[in-house]
Amino acid sequence: MTMALPWMESLPVWGDGVADGKKATKPSSQAPVRLAVLFSGNGFHGSEWWAKGSGKQMQVGKVLAPLTELREKMVFIKGLYNAEALKGNIHSSQTGNLLSGAPLASGGRIHSGTSFDQLVARHYGKSTKVPSLVLGCEKSIPGIHKNYSLLYSSHISWSSPNCPTPLELYPALAFDRLFKDQSGPGDKSVLDLVLTEGKRFRRNISLTDRRKLDEYLNSVREVEQRIERADSRGELQGWRPTLDQPNVPRPADGIPQDLPEHMRLMCDILVLAFQTDTTRVCTLKLNNDISYLRFPHLGVDHQHHDLSHRNNGDYLKVNQFFLEQLGYIARKLDAIQEGERTALDNSMLMHCSSMMTGGHDATKLPVVLVGGGGGKLQGGRVLDYLGKPNRKMCSLYLSMLDQYGIHRKKFGDSNQRLAEVFQRSQS
């Protein structure tokens with residue numbers, strides 16, 4: 001912890017006192033914009049993933065029924081694709097580069113590309129305890145499928161081309177990563193944190209400078225106390241997390257045997273992480289691309305991969321179950337007020353899959369965005385890129401990276417943005 005001090009006549013001055021010649025700026029009064037990416041493998045029901053119209057009049061297919069009440073905060077995007085996903089084979093080579101657009105190594109070797117969520121985490125996650133939270137609800141699959149490692153089918157977040165970001169399957173361990181050893185200096189006064197060093201510093205300055213230092217520290221203490229008093233009255237003095245510690249108990253050890261409970265716990269942890277500002281970047285992999293999950297709670301006694309090829313009413317139930325998780329997260333965030341906006345207004349949630357349907361069609365990918373992006377993402381829209389020259393997933397990622405202050409000339413296979421996605425919201 002460091003604190004800037006006023007000029008002291010008894011101390012030597014080196015340079016102008018500011019390394020980059022810039023004055024410090026006050027902390028932003030705006031809440032941070034969070035990013036969450038949800039993934040469910042094997043695509044969706046062939047005839048029920050659609051949306052048309054706009055605003056309150058938007059109509060959606062049955063897969064998206066769980067998001068009906070969120071239509072005005074949703075952007076439905078159709079027609080995007082990853083060119084590299086069409087060059088390999090099915091499943092692994094359609095999933096391992098979903099968030100990077102990178103070419104994949106075959107023959108059992110591992111080489112993909114750093115995913116865009118991890119670029120956000122490196123740049124934007126420096127302000128939080130956990131740069132990014134990578135959650136999953138199904139274990140990674142070992143082995144090789146059609147000459148490609150199944151590691152690609154099991155991970156969407158990649159910290160580097162050779163290393164998928166470690167996946168947390170255990171709700172209790174995810175909780176611990178966010179909040180274990182939480183007791184620290186966070187709630188202490190700024191002055192309390194630097195008091196010991198300040199006493200040592202005070203011995204080495206003149207009497208005049210000691211008076212100046214005392215006056216300065218007293219003024220800082222007074223400002224701190226005024227902020228505390230204003231906060232106790234409910235006045236907004238810049239943005240602060242709505243929670244400073246978890247408001248739910250630590251989950252039990254192990255992986256819940258009940259799939260709905262497992263997914264719901266992970267959703268709650270994601271919301272809690274955003275609400276406490278413990279992280280601002282999260283991916284949640286609901287299942288693998290080649291998934292063996294079963295859904296007895298839905299009355300469906302088939303593995304997910306097998307269901308994806310049937311494309312029937314049972315598969316529709318499973319699709320809706322996955323979208324219910326996105327809806328649950330969105331509604332919880334929308335119930336959290338942050339100044340004039342809600343936590344959902346200050347977030348971007350993306351749900352995507354590795355293919356459009358279980359028939360391995362990756363020529364167009366299902367993508368939906370929910371949230372306000374801090375006032376930069378206007379909902380209630382359908383964007384259709386089919387037949388357009390720029391319809392690359394990485395063009396979407398370049399646009400999304402811009403919203404986090406990460407301005408790159410190129411990402412993956414694209415050097416263009418999708419300018420239509422981010423129109424400033426009227427909220």
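Count residues from 1 along the sequence. Please read these numbers as outputs of a predicted model, since none were measured by experiment.
- Using modelled atom types and a 3.5 Å distance limit, the side chains of Asn97 and Ser112 yield no donor-acceptor pair.
- For the side-chain hydrogen bond (donor to acceptor under 3.5 Å, both in side chains) test, no residue two or more places apart in sequence or in another chain qualifies with Asn247.
- A donor-acceptor pair shorter than 3.5 Å can be found between the side chains of Asp117 and Ser115.
- In this structure, His155 NE2 and Leu99 CG are separated by 13.0 Å, a value rounded to the nearest 0.5 Å.
- A donor atom on one side chain and an acceptor atom on the other are found under 3.5 Å apart for Asp345 and Thr342.
- Using a 3.5 Å distance cut-off with no hydrogens or angles, the side chains of Ser291 and Gln303 do not pair a donor with an acceptor.
- Taking CZ of Arg341 as the start and OG of Ser347 as the end, the distance is 11.0 Å to the nearest 0.5 Å.
- With respect to Asp306 and Arg310, a salt bridge is recorded, a charged nitrogen being found less than 4.0 Å from a carboxylate O.
- Contact check on Asp268 versus Lys332 returns a salt bridge, with a Lys/Arg side-chain nitrogen under 4.0 Å from an Asp/Glu carboxylate oxygen.
- Taking CD1 from Ile329 and SG from Cys267, the interatomic distance works out to 3.5 Å, rounded to the nearest 0.5 Å.
- Judged by distance alone, the side chain of Thr278 and the main-chain N or O of Lys129 form no donor-acceptor pair under 3.5 Å.
- Every side-chain hydrogen bond (donor to acceptor under 3.5 Å, both in side chains) that Thr165 has, sequence neighbours left out, goes to Ser157, Ser159.
- A cation-pi arrangement is present between Arg280 and Tyr124, with the terminal nitrogen or guanidinium carbon under 6.0 Å from the aromatic centre and inside a 45° cone about the axis.
- With Tyr328 as the aromatic partner, Arg264 meets the cation-pi criteria of under 6.0 angstrom to the ring centre and within 45 degrees of the ring axis.
- Of the N and O atoms on the side chains of Thr357 and His45, not one donor lies less than 3.5 Å from an acceptor on the other residue.
- The pair Asp384-Arg381 does not meet the salt-bridge criterion, since no charged nitrogen lies less than 4.0 angstrom from a carboxylate oxygen.
- Note: Tyr315 and His302 fail the aromatic proximity criterion, with ring centroids not under 6.0 Å apart.
- Salt-bridge formation is not detected for the pair Arg34/Asp277: no Lys NZ or Arg NE/NH1/NH2 atom is positioned less than 4.0 Å from an Asp or Glu carboxylate oxygen.
- Comment: Glu420 does not engage Arg391 in a salt bridge, judged by the lack of any side-chain N to carboxylate O separation of less than 4.0 angstrom.
- Checked by atom type, the side-chain pair Gln118/Ser132 shows a donor-acceptor distance below 3.5 Å.
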